[in-house]
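Here is the structure we will look at.
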Protein chains: 4
Amino acid sequence: MSSADDRALAQRTRILDAAQVCFQKSGFHCGSMATIAQTADMSAGLIYRYFENKNAIILAIIASQLDIIRQRIRDLRAAEDLGAALLDYFDSQCDPEQQQISVPLFLEMSAEATRDPEIAQAVRQFDDTILSEFTDWLSRSPENNGFGLPQDIAAERALGLMCLIEGLKVRKARNPDMDRALLKKAIDASLTNFVKQLPPASPAD
Amino acid sequence: MSSADDRALAQRTRILDAAQVCFQKSGFHCGSMATIAQTADMSAGLIYRYFENKNAIILAIIASQLDIIRQRIRDLRAAEDLGAALLDYFDSQCDPEQQQISVPLFLEMSAEATRDPEIAQAVRQFDDTILSEFTDWLSRSPENNGFGLPQDIAAERALGLMCLIEGLKVRKARNPDMDRALLKKAIDASLTNFVKQLPPASPAD
Amino acid sequence: MSSADDRALAQRTRILDAAQVCFQKSGFHCGSMATIAQTADMSAGLIYRYFENKNAIILAIIASQLDIIRQRIRDLRAAEDLGAALLDYFDSQCDPEQQQISVPLFLEMSAEATRDPEIAQAVRQFDDTILSEFTDWLSRSPENNGFGLPQDIAAERALGLMCLIEGLKVRKARNPDMDRALLKKAIDASLTNFVKQLPPASPAD
Amino acid sequence: MSSADDRALAQRTRILDAAQVCFQKSGFHCGSMATIAQTADMSAGLIYRYFENKNAIILAIIASQLDIIRQRIRDLRAAEDLGAALLDYFDSQCDPEQQQISVPLFLEMSAEATRDPEIAQAVRQFDDTILSEFTDWLSRSPENNGFGLPQDIAAERALGLMCLIEGLKVRKARNPDMDRALLKKAIDASLTNFVKQLPPASPAD
DNA sequence: CATGAATGAGGATTCATTCAT
DNA sequence: GATGAATGAATCCTCATTCAT
């Protein structure tokens, strides 16, 4: 029983790994089931024992990407130098390795969220989670590894931080060879304001 | 003569408008020529009198989107309240109307830039233009409607500004109903740092 | 009236010349009306004023080819050296010039005769004419520029001659660079028997 | 394993048989994949599992035709009465049965050799083989079933023989009901010269 | 469980033909 | 007469999905 479940899980993983590679290379719609099967080194028919259809694979890939991203984003909070960590985060994309964030998939899934309600919901829920985790982090007291920002400020900074992270992904897709040093400065400039200090005139706000 | 050219131009526009609608709705790869033809209210074959193939349409759409975005971004520089203008920019998306930026198309084109060299080049050239325009703007003297930032700071802030703009687009796609007030605050917080003041330690730089 | 007829004839000729070029290059079925129109430097629609449809053009081209071939074959009878004349006949193919026999068209029309009854009839009638002209030639008395062969022998030699001519065309299509000297010898060897002498044992036949 | 290969081979054969029928009936360009599929009693898509595209089928048909012709031509050398054998060869065409030479296909492939380099090469190589086999045959000593012609004469007669064979095919296409007796005599007259005797002045050669 | 042959709908594209101007 | 825009059917080909083995 358990061994059968293990096998099923392993097969699913094998398929998803292959699908990730294919989708990354060709996009959700041009990555074909045949190619996925070939990449997974199994027959096309077998895939349907583990996934109802192609869309199920796409959804699973999206869920998996969201999981990976969530974890990577959580890891950011442990970083000594948040800017450097973001640069790394931003950097480790587009690897053929597994467990890596795929920028093209991220963008495509975001575009698809505009069309497919199921994807929209998954993405939305992910965003809510991340945002609230960020807010929590920023508002926690420094002795609890937080930044001690007031709740409302924290929420707004969390949103800004998310924009930054996602903006960086777009940069990465559009200009993968961008000057790293310049980028680091741009990131640091943003972060200065976001997380390291309260806004100058916050009492007057 | 001129009337024939007019007609040709009108037809091209009609096709591109239809294609924009279809691609927005279904993505570049799922938007079919048949659907475009139907939307444009013409036969599928006729499209090929005006565009060599589907890819040519995709490239034209991308070029048109980049043009629109470029113009919209240039307009930002004339804004009284840059934050509000960005919010507007961010807001006027996803309309079925023309001359509107389409967030899904923007994201898909960015993802596709990862795969198609022709798209990559178009996007890259666009980015370079915008970045240098931004840098120029930020480094111009205030009396010339600039911010008087030193060149190197200006370049880094330009990059940050671009990340912000694109991050906002991703936000829009993933969470179209986001709290506007919160967003405005997040934008303003970023802008404070980006364009309104020099970095704290600038004398020591 | 007459000038209108002249114009019509000129237009037909222009179209047929263009069609010949196109069909030669691409075959009857792949040579498109659009290409023909372009080659003839006229609009696609205009062609239909002079020919009912594409098939009518094909038939006209075939008729024209048969005319050209008929004339060329008739010219053979005036040759000093029939073998050399045949080599020339064989040689002057595939020129881009008009009024030339086109080997590919000849072969295609022969193949098509297998399928289209109209073409079959045209071709058949042509063959009958040529064969009887050949027979007549071979059986005419030498003082009338003939070979004085008895009627039955003449008929059989006429058929053999025709096979030779057509066999040479196939050769030309399949191996356009064939050794000319060798070919001349082969032709002469055939002709020796065909037209220059009676069969050795004809009295005993 | 072997059974899978068998199946694949059988399918390929089924497709090629169907294609042969269709191409014969409509020509290479008008015989459509849909018709071939229908004739082969399978779906259109399935054909693409066995052939990369339509052109691959055309090339395979041509290769197969060349094989059949090559074999049939080789068989000629074993004939008691070469003239009668040629008449048979010439006769057994246009059958819907397999392993038969198809005159229309032969003509079309020869025409197409004029346009498609790949076909040109296949045809050219075939011609070279046949010509050298003929030359060899004619130059072999009579006790080795040859005709003992000197090498150079043999080469020229081989070429003449090939013209005759191909000329007969053209005849067949253009006038399938030709008088058989007359044809036999024409063939025999040609052969007399080609293979049964040395040229008159051979001692002086 | 696994295969991969088979299907059939759908996609991009071409082209003979028509017709308003 | 002449144009060339427009049509729509047909063509080649792909691919998600099913199913007999």
Side-chain angles (χ1 to χ4, degrees), chain A residues 4 7-8 11 26 29-38 40-58, chain B residues 1 3-4 7-8 10-11 26 29-37 40-58, chain C residues 4 7-8 11 26 29-38 40-58, chain D residues 1 3-4 7-8 10-11 26 29-37 40-58:
Chain A
R7 168 134 189 95
Q11 292 285 62
S26 322
H29 295 296
C30 289
S32 76
M33 294 297 277
T35 314
I36 294 173
Q38 204 177 340
D41 201 36
M42 61 173 65
S43 73
L46 188 53
I47 295 182
Y48 287 82
R49 183 169 292 276
Y50 300 100
F51 292 92
E52 197 187 343
N53 52 30
K54 188 181 176 182
N55 203 51
I57 300 183
I58 294 178
Chain B
M1 206 44 85
S3 109
R7 170 123 192 109
Q11 291 287 63
S26 323
H29 295 298
C30 288
S32 77
M33 294 299 277
T35 314
I36 294 173
D41 199 35
M42 59 174 66
S43 73
L46 186 54
I47 295 181
Y48 289 85
R49 178 172 289 274
Y50 301 100
F51 292 92
E52 200 186 342
N53 50 33
K54 188 182 174 182
N55 204 50
I57 300 183
I58 294 176
Chain C
R7 168 135 189 93
Q11 292 284 61
S26 323
H29 295 297
C30 290
S32 77
M33 295 297 277
T35 315
I36 294 173
Q38 204 178 340
D41 202 35
M42 63 173 61
S43 74
L46 189 52
I47 295 183
Y48 287 83
R49 184 169 291 275
Y50 300 101
F51 291 92
E52 198 187 343
N53 52 30
K54 187 180 175 182
N55 204 51
I57 300 184
I58 294 177
Chain D
M1 206 46 84
S3 109
R7 170 122 193 111
Q11 290 288 61
S26 323
H29 295 296
C30 288
S32 76
M33 293 300 276
T35 314
I36 294 173
D41 199 36
M42 59 174 67
S43 73
L46 187 54
I47 295 182
Y48 289 85
R49 177 173 290 273
Y50 300 100
F51 292 92
E52 201 185 343
N53 50 32
K54 187 182 175 181
N55 204 50
I57 300 183
I58 294 177

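The structure presented is a predicted model; accordingly, all values stated were derived computationally and were not measured. Basis for what follows: all heavy atoms, side chains included, without hydrogens, waters or symmetry-related copies.
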Self-check item: Separation of D:D41 CG from D:L46 CG (nearest 0.5 Å)
Solution: 11.0 Å
Practice problem: Return no unless some side-chain N or O of D:Y50 is found under 4.0 Å from OP1 or OP2 of E:dA5. | Solution: no
Practice problem: Map every base of DNA chain E to its dot-bracket character, where paired means a Watson-Crick or G-U wobble contact with both distances under 3.5 Å and | marks a partner outside the strand. | Solution: .||||||||||||||||||||
Exercise. Do nucleotides 13-21 of chain E as a string where each nucleotide becomes B, S or -: B if the base has a protein heavy atom under 4.0 Å, S if just the sugar-phosphate does, - if no protein is that close.
Key: BB-SBB---
Self-check item: Heavy-atom closest pair, residues B:S26 and B:C30
Solution: O-CB, 3.2 Å
Quiz item: Under 3.5 Å, side chain of A:K54 to main-chain N/O of A:G31, donor-acceptor pair present?
Solution: yes
Quiz item: CD1 of C:I47 versus C1' of F:dT3: gap in Å, rounded?
Solution: 12 Å
Self-check item: Nearest-nucleotide 5' precedence on DNA chain E, D:D41 against B:T35
Solution: D:D41
Quiz item: How long is the gap from OH on C:Y48 to OG on C:S43, to the nearest 0.5 Å?
Solution: 11.0 Å
Quiz prompt | side-chain N/O A:Q11 vs E:dC1 OP1/OP2, d < 4.0 Å | solution = no
Quiz item: Rounding to a whole Å, what distance do you find between B:I58:CD1 and E:dA12:C1'?
Solution: 11 Å
Quiz prompt | 4.5 Å side-chain heavy-atom contact, A:R49 and A:Q11 | solution = no
Practice problem: Please round to the nearest 0.5 Å and tell me the distance separating atom CD1 of C:I57 and atom CD1 of C:I36. | Solution: 5.0 Å
Self-check item: Separation of atom CZ in A:R49 from atom P in E:dA2, rounded to whole Å
Solution: 7 Å
Exercise. Look at the side-chain N and O atoms of C:S43 and state whether any lies under 4.0 Å from the OP1 or OP2 oxygen of F:dT3.
Key: yes
